[in-house]
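In what follows, a structure is listed as structure tokens, so that the remarks can point back to it.
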Amino acid sequence: MSRRGRRDVGLGVLGVLLAFGACEAVSRAGIVRRTYLPPASEVLARAVELAGDSAFLDGIGATVRAWALGLTLACVIAVPLGLLLGSVPVVEAAMRAIVEFLRPLPSVALIPLVSLLLGSGTRTEVTLIAYASVWPILFNTMYGLRESEPLAKDTLRAFGFGRAAVLWRVELAGAAPFIAAGVRISAAVALVLAVATELLSGFGEGLGIFIAQAQLATDGTRDVLAGVVWAGALGLVVNGVLVWGERRLFPWAPERRAVRT
Amino acid sequence: MLRLDSLSQSYGEHRVLRDVSLSVPDGQLLCVVGPSGCGKSTLLRTIAGLLPVREGAVTIDGTLVTGVPDRLAVVFQDYGRSLLPWLSVRDNVALPLRRQGLRRAERRAEAEHMLERVGLEASARRSPWQLSGGMQQRVAIARALVVRPSLLLMDEPFGSLDARTREDLEDLLLEVHRTDGATIVFVTHDIDESVYLGDRVVVLSAGPDSRVARDLPVGLPAQRDQIATRGLPEFVALRAEVGRAVRAPARAAVLGPADAEPEQAR
Ligand SMILES: Nc1ncnc2c1ncn2[C@@H]1O[C@H](COP(=O)(O)OP(=O)(O)OP(=O)(O)O)[C@@H](O)[C@H]1O
Ligand SMILES: [Mg+2]
């Protein structure tokens with residue numbers, strides 16, 4: 001790890017410790033009631049304890065499955081669609097109004113509507129995850145195509161390669177780092193949607209369900225917070241793995257720029 | 001035979017080439033020189049079929065060029081951006097051989113052989129972006145030579161090389177030209193180089209509306225030598241003539257004395 005990287009990790013750990021200490025102190029000093037905000041150490045202990053709870057782990061498994069399914073579905077839809085929109089201007093022009101209408105709709109607001117249509121099971125969850133995850137991948141694919149090197153395209157054309165070969169060998173290959181960055185952003189969005197859908201629908205199994213049920217129990221704040229810690233840790237791990245993968249796969253991409261939606 | 005008939009090119013309102021006519025017999029090594037911005041790269045892109053012809057015509061063996069000609073290879077001026085960063089140096093060079101239906105192992109072997117000839121055998125497995133400018137330029141040259149093109153277009157291909165490497169590659173190009181007999185259009189800023197390499201040197205006048213200001217056959221012996229050839233009186237005289245034509249103000253070069261009238265070497 002570079003010196004800069006080590007420093008950043010150091011600062012990150014420091015930040016976590018400070019936040020942890022603050023929560024602990026606020027609670028222990030009695031500034032807020034314990035039932036509202038249990039000490040951070042208790043929350044953490046509970047989170048660790050949950051790792052041995054098989055029912056809880058099954059829930060995590062369910063959430064991760066829905067997350068992975070939705071995200072995969074989003075990739076399967078968004079990458080080809082992005083290639084189409086990015087390389088055929090006519091289609092892009094025709095779709096622009098629809099895209100611009102749908103894009104600003106907060107996906108979470110669609111939860112009640114989709115639940116109404118599809119019931120409150122896995123189908124709803126996966127559909128919503130996929131819907132929300134499509135956008136970052138779609139826009140990054142289109143953006144990546146637009147960024148592709150015109151001279152590299154000319155070179156392949158000059159060597160006699162056709163339109164399809166240029167699209168595959170230059171444009172798609174060049175867009176790959178952008179697509180990967182889109183997937184990384186979508187992975188976080190998908191996790192939010194997974195937990196949020198479970199929370200709002202309120203039955204079945206999953207991390208969101210665990211949190212929703214803990215909320216109803218007396219003294220459940222500790223469990224709610226322990227669930228939240230798990231959600232955060234999950235997001236952190238997923239992001240870390242994806243960033244690492246991008247560095248390995250695309251060492252040439254100078255800065256992994258990404259369009260956020 | 002590559003022919004340009006009264007070719008004019010422009011980018012929108014910006015006029016670049018005006019009424020350029022040239023016939024390049026098969027197997028000729030034609031050097032094109034001219035002031036910066038006069039339209040040399042534009043000329044090459046037009047011949048490569050990458051830029052639609054505005055006015056006039058480009059034909060190869062009598063057929064109109066409307067797309068990329070067969071068995072073409074190009075070394076672009078901006079060589080660095082023409083390499084694919086996700087492929088290794090060797091795979092960059094091997095890539096165009098796909099069009100010839102070679103198997104992967106054959107493609108790689110050919111690529112490695114050509115990399116050896118440009119002095120890059122040690123860098124075959126590295127990535128283009130890990131190489132220096134001059135090394136990248138040699139990768140682009142190897143990639144063009146490996147396909148054994150019948151028409152080879154090179155846009156200042158030796159611009160980033162040190163003197164020694166440059167001489168080696170000039171001689172490599174001459175050797176490949178002798179054995180494969182490709183028609184080569186070679187753009188350069190370097191007047192010496194144009195006379196040393198060329199069977200013929202065409203000087204373009206300054207733009208806009210750049211045209212053929214001088215068209216000089218190079219009567220030097222086919223077998224050239226870096227030291228001996230450059231010392232020949234004919235070499236020195238030709239170099240001076242090309243130099244004068246390049247320096248001449250645009251008007252004078254085009255309208256000037258009778259001997260500046262473009263000679264058609266057919
Ligand atoms: N894509 C483009 N759009 C608009 N104008 C262009 C474009 N490419 C080149 N030009 C203009 O056309 C003229 C000729 O450009 P070109 O690149 O062919 O010159 P050149 O002779 O190759 O110059 P150099 O020796 O510096 O490489 C220049 O005035 C340039 O500004
Ligand atoms: Mg140029």
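Naming convention: chains lettered A, B, ... in sequence-line order (proteins, then strands); numbering from 1 in each chain. All of these numbers come straight from a predicted model, not from anything done at the bench.
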Largest heavy-atom contact set with chain A, pairs under 4.5 Å, which of V74(B), L87(B), L50(B), L83(B)
L50(B)

Note each donor-acceptor pair with a separation under 3.5 Å, taking one atom from chain A and one from chain B.
| residue | atom | partner | partner atom | Å |
| --- | --- | --- | --- | --- |
| E149(A) | OE1 | R81(B) | NH1 | 3.4 |
| E149(A) | OE2 | R81(B) | NH1 | 2.4 |
| D154(A) | OD2 | R45(B) | NH2 | 2.2 |
| G160(A) | O | R99(B) | NE | 2.9 |
| G160(A) | O | R99(B) | NH2 | 3.1 |
| R169(A) | O | W86(B) | NE1 | 3.3 |

Atom group of L84(B) that falls short of 4.5 Å from chain A, counting heavy atoms
side chain

Please state whether the side chain, the backbone, both or neither of L249(A) comes within less than 4.5 Å of a heavy atom of chain B.
neither

Less than 4.5 Å to any heavy atom of chain A: does that hold for the side chain of A73(B), its backbone, both, or neither?
both

Which heavy atom in F159(A) sits nearest to a heavy atom in A144(B), and how many Å separate them?
CZ-CA, 4.1 Å

Highest number of heavy-atom pairs under 4.5 Å with chain B: which of A152(A), A176(A), P150(A), A158(A)?
A158(A)

